[in-house]
Each structure stands twice: as C-alpha cells, then as structure tokens.
Number of protein chains: 2
Amino acid sequence: MTGDQGTSIREDVVVLLARASGSALRTANAALEPFGFRARHYATVKIAAEGGGVPQRQIGAVLGLDPSAVVALVDDLESLGLVQRQPDPDDRRTRLVSPTPAGLTMLEKVSPVVGRVQERSMGGLTAAERDTFVRLLRRVVNE
Amino acid sequence: MTGDQGTSIREDVVVLLARASGSALRTANAALEPFGFRARHYATVKIAAEGGGVPQRQIGAVLGLDPSAVVALVDDLESLGLVQRQPDPDDRRTRLVSPTPAGLTMLEKVSPVVGRVQERSMGGLTAAERDTFVRLLRRVVNE
DNA sequence: TATTGTTATACTCTATAACTATA
DNA sequence: TATAGTTATAGAGTATAACAATA
C-alpha cells in the first residue's frame with residue numbers, strides 16, 4: 001500500500017478536541033464575563049468548595065494547569081474575595097485554598113449559568129449520548 | 001432544594017475538554033517538534049492535500065481558527081516550502097492553498113507519527129470506544 | 001534530595017479593529 | 001454592502017527556570 005496517509009483530517013481527534021475545547025471555553029467565558037471572571041476561576045472555586053480546602057497542586061492537577069498558573073488564578077480569586085489561602089497544619093509548604101462565604105454564594109448564583117453552557121457545549125447530543133460522551137472523555141483524561 | 005450546585009467539577013465538560021485538548025496538543029506538538037512545525041501546520045497541509053487547493057477561509061473553518069491566524073500559519077508553511085498560495089480563477093479575492101511536492105512527501109513521512117499520537121490521545125479506550133468517541137466529538141463540533 | 005509555592009520571563013495562542021481588493 | 005485576505009496589536013494562555021521554605 002503506497003501513499004496511505006491515514007484517516008481524513010475530519011476524524012483527527014487532536015483537531016476535533018481543539019475545536020470543541022476552544023468553542024466550549026469561548027461560550028463559558030462569554031457567559032461568565034458579566035460576573036467578572038472566567039471559566040477557570042469558577043472551576044477553581046468549585047474545586048475548593050468540593051474539597052473543603054485543597055492544595056494548589058491539586059487544583060493544577062484537576063484543571064491541567066502549571067503550578068505557576070495556579071498562583072495567578074488564586075491571586076485573582078483572593079482579590080475578588082471568593083477564596084482564601086490557609087496554612088496546612090500537616091505540611092507547612094502547602095497552602096490550602098478554600099471558598100469564602102462570598103465564594104459559596106457566587107457558586108449558587110452562577111451554577112445555573114454554567115449548567116446551560118454545558119448543555120450548549122454538547123448541543124447536538126441526546127441525554128444518553130451526553131452521558132456516554134462525558135464518561136469516555138473522563139477516561140481519555142485518566143480521571 | 002437548596003444549595004444545588006449542579007454536578008461535580010469532575011463531570012464538567014468544559015474542564016474535561018480543555019484538559020483533553022491541552023494534553024493531546026502537547027503530545028502532538030512534542031512529536032512533531034523534530035520536523036520543525038506544530039500540529040496545526042501538519043493539519044493545514046493535510047487539509048490542503050485533501051481539498052486539492054482550498055481557500056484560507058476554509059482552513060480556518062476546519063481548524064476553528066481566526067482568518068488572521070491562518071495567514072500566519074500559511075506564511076510559515078510557505079517559507080518551509082510545504083504549501084503554496086495560488087490565485088482562484090473564479091474569485092480573485094480568494095487564494096487557494098495547495099501542497100507542494102515537498103508537502104506531500106512530508107505528509108507521508110509524518111503520517112505514522114500523527115497516527116500514534118492519536119492512538120495515545122485516546123489511550124484508555126478500546127477500538128470501538130474510540131469510534132464512538134470520535135463520532136460524538138464530531139457532532140459536538142457540528143462536523 | 002524532593003516537593004510546594006512563588007517570581008520572572010518568554011513564547012504561543014486568540015481576538016479585534018482597520019485596511020485592500022474584490023464581489 | 002459583503003467577503004477574502006492582510007497587518008498590527010493587545011490580551012490570554014502556556015511553559016520554563018530559578019528560588020525559598022519545608023519535608
């Protein structure tokens with residue numbers, strides 16, 4: 001077989017993921033813009049709330065961000081009054097990020113907005129297909 | 001029901017897509033680095049080859065890129081000698097991008113590398129699951 | 001020796017506006 | 001009036017190296 005160049009670019013996972021991610025992120029950031037922060041800020045407060053005080057490393061691991069990016073992110077959120085850094089009594093290198101009361105209030109207010117963004121990000125799919133898609137996506141990212 | 005803040009961040013499609021895309025792109029760019037270009041360059045030559053001379057607009061549409069980004073991309077590829085711009089006889093505003101012989105040779109050489117990247121990008125999935133995943137992903141991006 | 005967080009920095013990516021030439 | 005491509009530019013995102021404090 002000569003000249004086999006694999007599948008079409010339209011089946012290229014790397015391209016498809018880049019497009020899907022770019023589009024979902026643009027939608028999410030546009031929807032959150034009125035609140036004065038972006039998708040990753042919302043996600044960080046949510047991670048902090050779910051974990052009840054999580055090390056910055058862990059935030060980076062969940063979001064796929066470099067530790068230095070997490071510093072900037074948590075700085076933003078601290079100056080917005082949505083999270084606070086606290087010393088970890090068990091490891092003084094670590095700083096635990098937890099939501100402030102304002103952060104929790106924000107989560108409740110913004111949650112439906114984010115819900116609609118997620119629906120829209122999987123627009124063409126049925127409910128069952130969305131479940132399948134998210135389940136496969138989680139395995140793709142080893143979660 | 002009070003305090004319902006939707007699903008866990010671990011089921012957040014926007015977060016999952018951003019992680020999957022970032023990881024796939026890093027893998028692809030690292031694999032292509034020895035060849036002197038990145039994933040989007042490869043994809044552009046491939047689009048040009050499949051279409052046999054495609055307008056820059058169309059490249060932007062397939063890759064989800066702004067027209068101004070496509071200009072820079074095609075500039076890069078032209079100076080690498082992998083594609084050329086040709087006037088469209090039917091519309092003199094349009095410039096058709098087509099692969100050079102060197103571009104076609106490159107595609108054949110790089111294709112197996114990209115194939116392995118794609119496999120790796122869907123590492124945990126079976127062949128059947130990969131098909132399902134790509135099919136759903138294409139519908140998510142309306143392709 | 002290894003790890004957490006931090007700073008500084010450079011590079012890439014994304015998005016917009018303003019422009020030209022064509023339609 | 002609208003569209004294809006171009007330029008310049010600003011802003012966001014990503015990545016690296018070097019460092020202090022702590023394990």
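Letters go in sequence order (proteins before strands), and every chain restarts at 1.
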Enquirer: Does A/R95 make a side-chain N or O approach to OP1 or OP2 of D/dT22 shorter than 4.0 Å?
Expert: no
Enquirer: Counting the atoms with a prime plus P, OP1 and OP2 as sugar-phosphate, which does B/R57 contact under 4.0 Å by heavy atoms, base, sugar-phosphate, or nothing?
Expert: base
Enquirer: Tell me which of B/R40 and A/D75 sits closer to the 5' end of DNA chain C, going by the nucleotide each one is nearest to.
Expert: A/D75
Enquirer: With DNA chain D as reference, determine whether B/P67 or A/N29 sits nearer its 5' end, using the nearest nucleotide of each.
Expert: B/P67
Enquirer: When the distance from CG of A/L63 to P of D/dT14 is rounded to whole Å, what number comes out?
Expert: 10 Å
Enquirer: Between A/Q118 and A/R130, do the side chains contain an N or O donor and an N or O acceptor separated by less than 3.5 Å?
Expert: no
Enquirer: Which is true for A/D91 with a 4.0 Å heavy-atom rule: it touches a base, it touches only sugar-phosphate, or it touches nothing?
Expert: sugar-phosphate
Enquirer: OP1 or OP2 of C/dA15 less than 4.0 angstrom from a side-chain nitrogen or oxygen of A/R26, does that happen here?
Expert: yes
Enquirer: For the CZ atom of B/F37 and the CE atom of B/M106, what is their distance to the nearest 0.5 Å?
Expert: 4.0 Å
Enquirer: Provide, to the nearest angstrom, the distance between the CG atom belonging to B/L96 and the P atom belonging to D/dG5.
Expert: 8 Å
Enquirer: In whole Å, what is the span from the CD atom of B/Q56 to the C1' atom of C/dT22?
Expert: 15 Å
Enquirer: Suppose we call a contact any N or O donor and acceptor under 3.5 Å apart; does that hold for the side chain of B/R92 and the base of C/dT22?
Expert: no
Enquirer: Can any side-chain N or O of B/R95 pair as donor or acceptor with the backbone N or O of B/R85 at less than 3.5 Å?
Expert: no
Enquirer: Look up atom CG in A/L65 and atom CD in A/Q56, then write down how far apart they are to the nearest 0.5 Å.
Expert: 11.5 Å
Enquirer: For D/dG13, does either OP1 or OP2 sit under 4.0 Å from a side-chain N or O belonging to A/R38?
Expert: yes
Enquirer: Starting from C1' on D/dT3, measure out to CG on B/D90 and report it in whole angstrom.
Expert: 16 Å
Enquirer: Provide, to the nearest angstrom, the distance between the CG atom belonging to B/D66 and the C1' atom belonging to D/dT7.
Expert: 12 Å
Enquirer: Quick one: A/E78 CD to C/dT6 C1', roughly how many Å, whole number?
Expert: 13 Å
Enquirer: Between A/L65 and B/Q58, just flag the one whose closest nucleotide in DNA chain D comes earlier from the 5' side.
Expert: B/Q58
Enquirer: Figure out the CG/P separation between B/L73 and C/dT14, and round it to whole Å.
Expert: 11 Å
Enquirer: Between D/dT16 and A/S68, counting only base atoms on the nucleotide and side-chain atoms on the residue, is there a donor-acceptor pair under 3.5 Å?
Expert: yes
Enquirer: Which pair of heavy atoms, one from B/V117 and one from B/A24, lies closest together, and at what distance?
Expert: CG1-O, 4.4 Å
Enquirer: What nucleotide, of D/dA15, C/dC13, D/dA21, holds the atom closest to the side chain of A/R93?
Expert: D/dA21
Enquirer: Rounded to the nearest Å, what distance is computed from the CD atom of residue B/E33 to the C1' atom of nucleotide C/dC11?
Expert: 14 Å
